[in-house]
Amino acid sequence: MDIKVRAKVGSEASAQEIFEAILESRGYKTAKEQEVFLHPPEPTLDYLLKESGLTKTILGKAKKLLDNHLADNHDICVFGDYDADGVTSTAIMWQAITAYAKLNESTSRVLPFIPDRHKHGYGLGDKAVAEVISGVSFGTGQFIDFAPKLIITVDTGIVAHVGITSFRDADIDVIVTDHHQPEAKLPPANAIVHTLATSGAGVAWIVAQYLLGEPASKLLDLATIGVVADMMPLTGLNRSICAHGLKALSQTTRPGLLALKAAMSVTNKDLTTYDISFGIAPRINAAGRIYNPLDALRLLCTSNAAMSQELAGKIESNNKDRQEYMDRALKLVTGKQVDHKVIIVIGDYHEGVIGLFAGKLAG
């Protein structure tokens, strides 16, 4: 094994000198760079725009389209994804657009849609898009006549050429907000808010800040969960979001998160990225991977304490099922000697944990 020495310190070096050498080896060479890393700035809109490469012109184009639909009191759908970043993105955008509609005295109805991985597959697939256009996806809810004229995607959509074309052909406008790798040709959305610098929840929170200003700070707890859950590098704007967001998450008054923290037995502690990565995120993911991602979305958005307790219990049960499926899958291959670089495993595995299972084997 080759060992590369990135920093050298003398045998008499002080703890501070060793600490500074570690920072320098990680690329933080100047006093200013080290200060920003150790004490991340407030995640203000101007700072987030500078770090993400987004501009007020880009956000303004999306806002103008949204304003037009709100002025006409059109139905609006927030189209999300079923993983932790996607669910938190959906929660942020749905709450932000709902609040913004009230500020504009619009009667627009705003509803979320998250694909069911078993029924719709991933992203803006044909079946999901068709059900949104036809209204089938909303037929069992309170607003059975819901017919969106504007779709706002979160954590998805940047490569969904076919799905977005279908929406446009149905006379439905589309705003894409996403952070995934784009293709050379962008989809035919009316407006696109895209950056690789943060997660889907991070992008959604930037939009929320642009629309609402300071009140968007109430959504920082959700943005932090999404950023950490999606394993974004905790540098730059993501470090800023998380450094301040962990405080917001630890002090949250959101009933669903309070119930979830109680189920995790972390009520009376300052939360860390570990608590998100190995506690909150897996529980949100379990709902989408195995059961219904809308349960996780409702948990994050509800203001009802009793419903929060019920949903937290349900998601806790979902997570235990996920762990059981994983344990069962791993037992089928445990103890087998494998010398090949490529492994093919055939068996009865729940589709919701196949990716996790593959990751465990590869690790």
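A salt bridge links Asp67 with Lys63; the closest basic N to acidic carboxylate O contact falls under 4.0 Å. A salt bridge links Asp221 to Arg254: one of the charged nitrogens lies within less than 4.0 Å of a carboxylate oxygen. Between Asp295 and Arg283 there is no salt bridge, since none of the side-chain N atoms of the basic residue sits less than 4.0 Å from a carboxylate O of the acidic one. Salt bridge annotation for Asp275-Lys261: absent, with no cationic side-chain nitrogen under 4.0 angstrom from a carboxylate oxygen.
Ring centroid separation for the pair His120 and Tyr82 does not come in under the 6.0 Å cut-off.
Residue Asp171 places its CG atom among 12 or fewer non-hydrogen atoms of other residues, nucleotides or ligands, all under 6.0 Å distant. When the shell of 6.0 Å around CG of Asn268 is examined, it contains 12 or fewer heavy atoms from other residues, nucleotides or ligands. Environment of NZ in Lys32: sparse, with no more than 12 heavy atoms of neighbouring residues, nucleotides or ligands closer than 6.0 Å. Atom CE of Met264 has more than 12 heavy atoms from other residues, nucleotides or ligands within 6.0 Å.
Taking the six-membered ring where the residue is Trp, Phe79 and Phe167 present perpendicular rings, their angle passing 60° and hence far from 30°.
Formation of a donor-acceptor pair under 3.5 Å by the Glu17 side chain with backbone atoms of Ser14 is found in this model. For the pair Asp75 (side chain) and Ser108 (backbone), a donor-acceptor distance under 3.5 Å is absent. Side chain of Ser317 to backbone of Gly313: no donor-acceptor contact under 3.5 angstrom is found.
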- [ ] Check step by step if side chain to side chain donor-acceptor pair (under 3.5 Å) holds for Asp173 and Asn190.
- [x] CA-CA 6 Å; Asp173 290 333; Asn190 302 76; 3.2 Å; yes

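For the residue pair Asp230/His179, the side-chain donor-acceptor check at 3.5 Å is satisfied. Residues Asp81 and Thr156 bring no donor and acceptor atom of their side chains to less than 3.5 Å of each other. Between the side chains of Thr107 and Asn73, at least one donor N or O sits under 3.5 Å from an acceptor N or O. No hydrogens or angles considered: a donor-acceptor pair under 3.5 Å links the side chains of Ser217 and Glu214.
Using a 4.5 Å heavy-atom cutoff, the side chains of Cys77 and Leu111 are not in contact. Contact annotation: the side chain of Thr224 never approaches that of Thr273 to less than 4.5 Å [non-hydrogen atoms, C-beta and beyond]. Annotation: side chain of Pro148 is not in contact with side chain of Ile133 (no heavy-atom distance under 4.5 Å).
Cation-pi geometry between Arg239 and Phe37 is met: under 6.0 angstrom from the ring centre, within 45 degrees of the axis.
Connection of Ile114 to Val203 is established within a shared hydrophobic cluster, with ILVMFWY side chains joined at heavy-atom distances below 4.5 Å, either directly or through further cluster members. The cluster map of Ile, Leu, Val, Met, Phe, Trp and Tyr, joined by side-chain heavy atoms under 4.5 Å apart, puts Leu186 and Val159 in the same cluster.
Residues that satisfy the salt bridge (charged side-chain N to carboxylate O under 4.0 Å, His left out) test with Asp126, not counting sequence neighbours, are absent from this structure.
Taken from CD1 in Ile151 to CD1 in Ile76, the straight-line distance is 9.5 Å, to the nearest 0.5 Å.
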